[in-house]
Amino acid sequence: MATTEVHDWMYQSVGGDAGLTVLVDNFYARLWADPDLKKYFEGIDKDALKKHQRMFLTFALGGGLDAYTGRPLASAHQTLNITNDAFDSVAYHLRLTLEELDVERGIISIVMGYVEGTRPQVVFA
Ligand code: HEM
């Protein structure tokens, strides 16, 4: 078996690059419409953030080990005072976004487990 084989079935099943563009657009539309969350994103370069989030999800879904060139999650979040409640809301919006796009339930579970694992790198409040 080739050692360079790419296990990108999750990335493919969310529709690859085109699917992730829709997913990330819908996800941030939800976050920025939520009165409890939008304060975190004031003054942030929203296009750059979407681009980094697409790259991060490409990496997380197996679309490429070198896909993500943004900062480590802890560096990006540690000065933002993000609470556990805010984290829960963001995770909830992500789940609804995935459900709305009819992503397979098994993949949603894997993604949500992965996201839960990032909590210590996001919540510092
Ligand atoms: C749920 C897990 C989360 C993941 C996987 C995640 C992922 C990311 C990624 C990949 C970036 C880009 C980093 C960069 O530009 O170098 C980012 C930035 C950011 N995230 Fe998150 N994030 C999460 C949760 C949250 C939460 C809960 C909030 C706020 C409620 C939040 C607010 C932000 C903001 C404001 C930025 C931009 C920071 C800046 O440009 O200075 N994130 N996040």
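When a ligand or atom number is given, it counts from 1 through the structure's own listing order. Just so you know, residue 1 is the first one in the sequence shown, and it goes up from there.
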Next on the checklist: Nearest 0.5 Å, please: how far is NE2 in H52 from CG in L73?
Outcome noted: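 Answer for the CG-NE2 pair, L73 versus H52, is 11.5 Å.
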
Please list the nearest protein heavy atom to [atom] with its residue and the distance rounded to 0.1 Å.
atom	result
atom 3 (C) of ligand 1	V122 CG2, 4.1 Å
atom 27 (C) of ligand 1	V90 CG2, 3.4 Å
atom 41 (O) of ligand 1	R71 NH2, 3.3 Å
atom 28 (C) of ligand 1	I82 CD1, 3.3 Å
atom 7 (C) of ligand 1	Q53 NE2, 3.3 Å

Heavy atom to [atom], shortest distance: which of [options] holds it?
atom	options	answer
atom 32 (C) of ligand 1	F87, F41, F56, Y40	F41
atom 17 (C) of ligand 1	H52, R119, H77	H77
atom 36 (C) of ligand 1	L49, T69, D36	L49

Any side-chain heavy-atom pair from [X] and [Y] closer than 4.5 angstrom?
X	Y	answer
L31	F41	yes
L20	Y11	yes
K51	V24	no

Just which atoms of ligand 1 are under 4.0 Å from any heavy atom in [X]?
X	answer
G70	16 (O)
T118	2 (C)
A76	13 (C), 38 (C)
L80	33 (C), 34 (C), 35 (C)
Y68	10 (C), 12 (C), 13 (C), 14 (C), 16 (O)

Checklist entry - So does D45 have more than 12 non-hydrogen atoms from other groups sitting under 6.0 Å from CG? => result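 More than 12 heavy atoms, drawn from other residues, nucleotides or ligands, come within 6.0 Å of this atom.
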
Checklist entry - Should we count CZ of F59 as having more than 12 external heavy atoms under 6.0 Å? => result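 Incorrect, the count does not exceed 12.
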
Checklist entry - Which one holds for L73 and ligand 1: side chain close, backbone close, both close, or neither close, with close meaning a heavy atom under 4.0 Å? => result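 The part of L73 near ligand 1 is the side chain, not the backbone.
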
Next on the checklist: Taking E100 first and then R95, would you say they form a salt bridge - that is, a charged N and a carboxylate O separated by under 4.0 Å?
Outcome noted: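 No salt bridge links E100 with R95.
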
Next on the checklist: Going by side chain to side chain contact (heavy atoms under 4.5 Å, CB included), F27 matches just one of L98, V22, V90. Which one?
Outcome noted: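 Running side chain to side chain contact (heavy atoms under 4.5 Å, CB included) over L98, V22, V90 with F27 returns exactly one hit, V90.
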
Next on the checklist: Quick check: closest heavy atoms across K50 and W32, and the distance to 0.1 Å?
Outcome noted: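 Where K50 meets W32 most closely, the heavy atoms are CE-CZ3, 3.8 Å.
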
